[in-house]
Amino acid sequence: MNSLKRHPICLPAIAGALLALCSCTASVRSGDLMISPGDDPGFKLEASVSDIPLFKAASLAAITVSGEEVTFKTTGKEKKSISDNFGKGRCFIFKGESVTGPAMTRELRLKVYDAFPSTVLVQAVYRNASGEPVPVDAWSLCGLEVKADLPDPYFWSFQGQSTEAREDWLKPVSGEFSQRNYMGMNNSDYGGGIPAVCLWRRDAGVMIGHLEPVPQLVSLPVAMEKGADCATVSLVKEYDGPLSLAPDAELETYTGFIHVFKGDCFLPLRNYAALLDKVGVHMPVSVPEAYETAWCAWGYERKFTIKEIVGTLPKVQELGFKWATLDDGYQIAEGDWDLTEERFPGGDADMKYMVDEFHKYGLKAELWWAPLAADPGTDFLRKYPNSVILDKDGKPQDITWWDSWFLSPLDPDVRREQSGLVKKFIGYYGFDGLKLDGQHMNAVAPDYNPAHHPDDPEKSFRELPGFFRLLHESAREIKPNSVLQYCPCGDCFSVYNLPYIDKAVSSDPTSSSQIRSKGYVLRALAPQLAYYGDHIELSDGENDFPTQLGIGAVIGTKFTWPADNPYVTHSYLLTPEKEALLKNALAIYEEKQLARGSYVPGLYDIGFDYPETHVLEQNGKMYYAFYATGEPVSSVELRGLEEGRTYHITDYYNHRDLGTVKASAHTVLDVTVEGSLLLEAEGI
């Protein structure tokens with residue numbers, strides 16, 4: 001995190017010895033990335049991943065004072081050998097003095113590591129040398145102008161913000177484009193995400209982001225002007241009001257990074273996850289139970305009855321599902337999580353009966369819950385009136401989706417009571433897992449409640465992941481193989497919350513394409529985290545099993561049987577036709593176990609290649625999933641096969657034998673793809 005200091009500029013302590021200091025070479029090199037130094041804005045970036053220049057211009061570090069950007073000239077250069085959490089590497093230090101604006105010095109640090117080729121870490125330290133306070137409006141790192149590759153005047157991109165639009169994470173950038181990618185709250189309920197962006201052409205791309213161990217309130221804007229031949233990216237920290245930098249005080253930025261690559265965003269995201277691992281943000285490893293198929297009672301919605309749910313269990317068992325979920329509607333209100341008499345007239349005994357019925361049918365039991373939300377007027381808020389997050393005006397922060405207020409993740413009463421609820425749900429009722437739900441979970445707004453930490457309003461935002469760690473640890477204390485599903489309802493998952501969950505979910509996808517693209521990103525970031533495709537009824541046509549199977553997603557559904565709840569407005573009744581599709585998909589899921597397979601990266605470009613293609617490897621076989629959602633195609637290329645080897649090809653979804661192919665540099669299979677095609681390639 002950035003900080004203010006009153007001592008002379010110095011490098012922070014580095015684990016391991018610093019080797020001999022020497023004069024800096026003319027350029028900084030890391031794999032395919034080279035940076036040539038100069039005065040502002042003269043740092044030049046080159047990427048040997050392409051013969052066509054990737055960068056047009058660069059501003060590696062900038063600071064804005066009183067509305068004007070300060071420029072610096074380089075006055076000294078140093079190079080150090082380093083060994084720290086990232087491994088062995090070199091640190092290049094460029095010392096500069098301001099030539100515009102107030103008198104300031106800047107120390108720009110560029111670090112490269114043997115273990116992370118084509119990657120440079122970027123950080124700056126500014127010192128106020130003016131003798132007077134300096135009002136800092138903002139600073140930025142990794143500012144790049146990225147050239148388009150004509151005749152394709154556009155890029156594909158990964159962008160990690162969260163808004164109420166619930167937009168795609170992967171999207172083209174062309175023409176006139178602008179996206180802020182703010183990591184704070186973009187709407188009352190929506191915020192957080194993945195603080196990194198990728199831009200890539202057909203031949204090469206670049207990724208930038210920050211590597212702080214906790215969330216930070218930054219933006220990563222991506223923009224392209226109409227008719228322009230380049231797009232811009234940067235990492236920006238803007239202050240709500242000018243930050244007063246005292247005389248001789250220092251401002252240290254966060255640590256950013258730049259990474260260049262070939263292909264699409266998959267391998268860069270995996271590189272990013274490996275970098276995060278070095279700062280203590282460790283991606284999770286799911287327990288086996290997280291990969292098991294799930295039925296959810298949400299098809300009956302909030303006015304369900306115990307009889308309806310229990311009456312569906314024989315069919316759930318017959319089909320072979322392993323989990324059953326009780327969804328929203330059991331509670332008195334968000335915040336008051338005692339049982340409503342309307343649906344549980346027998347109180348806790350009724351809930352225990354339902355859980356026992358789940359278990360009697362061989363099903364693990366999961367309970368829906370919206371932590372950190374409390375409705376106005378609830379007993380919880382009457383008992384703990386200081387538990388809520390307050391804005392600058394002293395008003396509670398709204399969760400508009402639930403008509404609730406945000407609870408502080410650091411408030412001791414909130415932490416104690418919500419940890420106690422986990423123990424009640426799992427220990428007392430007997431549930432085996434929890435479905436944590438709501439876009440509000442992904443991030444929280446700065447908290448100005450005087451009962452909390454008014455001297456540091458952003459503390460709750462930074463330390464929110466620790467709340468989910470508390471929930472996870474509370475569940476595991478009771479059941480070591482319990483499963484916490486995390487569903488931030490349309491948000492781009494906070495990468496800092498991921499370490500404390502067991503199952504990610506496509507989270508209310510707006511299309512089958514979103515199910516696939518979200519799975520693509522999450523399989524890149526967290527390859528050992530189970531990915532749940534959400535209810536099949538949320539996919540295109542409410543039955544797109546090829547999307548869930550082809551990307552290795554866990555299958556789920558919210559069908560009703562033998563009848564719908566009379567209060568619902570949409571039928572999810574399991575008809576014979578739907579049951580036949582479901583049985584086929586479940587049989588394939590259990591036989592192939594693709595959700596536990598390894599994603600094979602780098603063979604296809606998810607943006608530029610058509611049809612969209614995903615590849616999994618499991619038990620020595622290659623599984624291809626082709627999605628021709630526009631025009632049908634008459635042949636596909638099977639990349640990644642061993643040249644000269646013969647493979648038996650099967651359409652495993654439709655159970656068709658497609659014969660054999662002999663793999664070559666370009667293995668083409670003549671087969672029509674209209675919609676989707678799932679292929680198994682087994683070497684013989």
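These numbers come from a predicted model, not from an experiment.
Of all heavy-atom pairs spanning S157 and Q159, the tightest one is OG-NE2, 2.9 Å. Between P499 and H282, the shortest heavy-atom distance links the atoms CB-O, 3.1 Å. Heavy-atom minimum distance, S286 versus Y291: CB-CE1, 3.8 Å. Between R523 and G597, the closest heavy-atom pair is NH2-O, 2.6 Å. Nearest heavy atoms, H440 versus A373: NE2-CB, 3.9 Å. Of all heavy-atom pairs between S506 and I515, the closest is OG-CG1, 4.0 Å.
The distance from the CD1 atom of I35 to the OG atom of S27 is 9.5 Å, given to the nearest 0.5 Å.
Aromatic ring centres of Y486 and F468 lie closer together than 6.0 Å. Here F55 and F43 keep their ring centres 6.0 angstrom or further from each other. Aromatic ring centroids of W401 and Y190 lie 6.0 Å or more apart. The distance between the ring centers of F257 and Y272 falls below 6.0 angstrom. For an aromatic pair to be called close, the ring centres must be under 6.0 Å apart, and Y154 with F177 fails this.
Between D84 and K278, no side-chain nitrogen of the basic residue sits less than 4.0 Å from a carboxylate oxygen of the acidic one, so the salt-bridge criterion is not met. Contact check on E167 versus K171 returns a salt bridge, with a Lys/Arg side-chain nitrogen under 4.0 Å from an Asp/Glu carboxylate oxygen. Using a 4.0 Å cut-off between charged side-chain N and carboxylate O, D114 and R90 make a salt bridge. Look at K558 and E542 and you find no salt bridge, because none of the NZ, NE, NH1 or NH2 atoms lies under 4.0 Å from a carboxylate O. Under 4.0 Å is where a charged nitrogen must lie from a carboxylate oxygen, and between E680 and K592 at least one such pair does.
For the pair K147/D229, a side-chain contact is recorded, criterion being any heavy-atom separation below 4.5 Å from C-beta on. The shortest side-chain heavy-atom distance between T613 and L603 does not fall under the 4.5 Å cut-off. The shortest side-chain heavy-atom distance between I194 and V521 falls under the 4.5 Å cut-off. Here the side chains of I258 and L60 are in contact, with some heavy-atom distance below 4.5 Å.
Sorted by first and then second residue, the salt bridge (charged side-chain N to carboxylate O under 4.0 Å, His left out) pairs with a member in residues 434-443 read D327-K435; sequence neighbours excluded. Residue pairs that meet the ring pair (Phe, Tyr, Trp, His ring centres under 6.0 Å) test with at least one member in residues 511-552, sequence neighbours left out, are F266-Y520, Y520-Y599, Y520-H614. Evaluation of the salt bridge (charged side-chain N to carboxylate O under 4.0 Å, His left out) test over residues 494-516, restricted to residues two or more places apart or in two chains, returns R166-D508, R476-D502, R516-E612.
T163 and N187 are not linked by any side-chain donor-acceptor pair at a separation below 3.5 angstrom, with hydrogens and angles left out of the test. Side chain to side chain, D203 and S50 meet the donor-acceptor criterion of an N or O pair below 3.5 Å. No side-chain donor from either of H210 and Q216 sits under 3.5 Å from a side-chain acceptor of the other. For the residue pair S512 and D544, a side-chain donor N or O sits within less than 3.5 Å of a side-chain acceptor on the partner. Between the side chains of D189 and Q439, at least one donor N or O sits under 3.5 Å from an acceptor N or O.
Checking side-chain atoms of Q514 against main-chain N and O of T510 turns up a donor-acceptor pair under 3.5 Å. Although no hydrogens or angles enter the test, the distance criterion places no donor-acceptor pair under 3.5 Å between the side chain of D149 and the main chain of I52.
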Quiz prompt | side chain to side chain donor-acceptor pair (under 3.5 Å) between T557 and E537, intermediate numbers included | solution = CA-CA 7 Å; T557 177; E537 293 81 5; 2.7 Å; yes
Exercise. Report the C-alpha distance between W139 and Y239 in whole Å, list the side-chain angles of each, state the deciding distance to 0.1 Å, and finish with yes or no for side chain to side chain donor-acceptor pair (under 3.5 Å).
Key: CA-CA 9 Å; W139 54 257; Y239 297 100; 3.1 Å; yes
Exercise. For the pair R202 and D605, evaluate salt bridge (charged side-chain N to carboxylate O under 4.0 Å, His left out) and give the outcome as yes or no after the intermediate values.
Key: CA-CA 8 Å; R202 288 182 185 269; D605 188 311; over 6 Å; no
Exercise. May I have the step-by-step check of salt bridge (charged side-chain N to carboxylate O under 4.0 Å, His left out) for D32 and K262, ending in yes or no?
Key: CA-CA 10 Å; D32 292 312; K262 282 183 175 293; over 6 Å; no
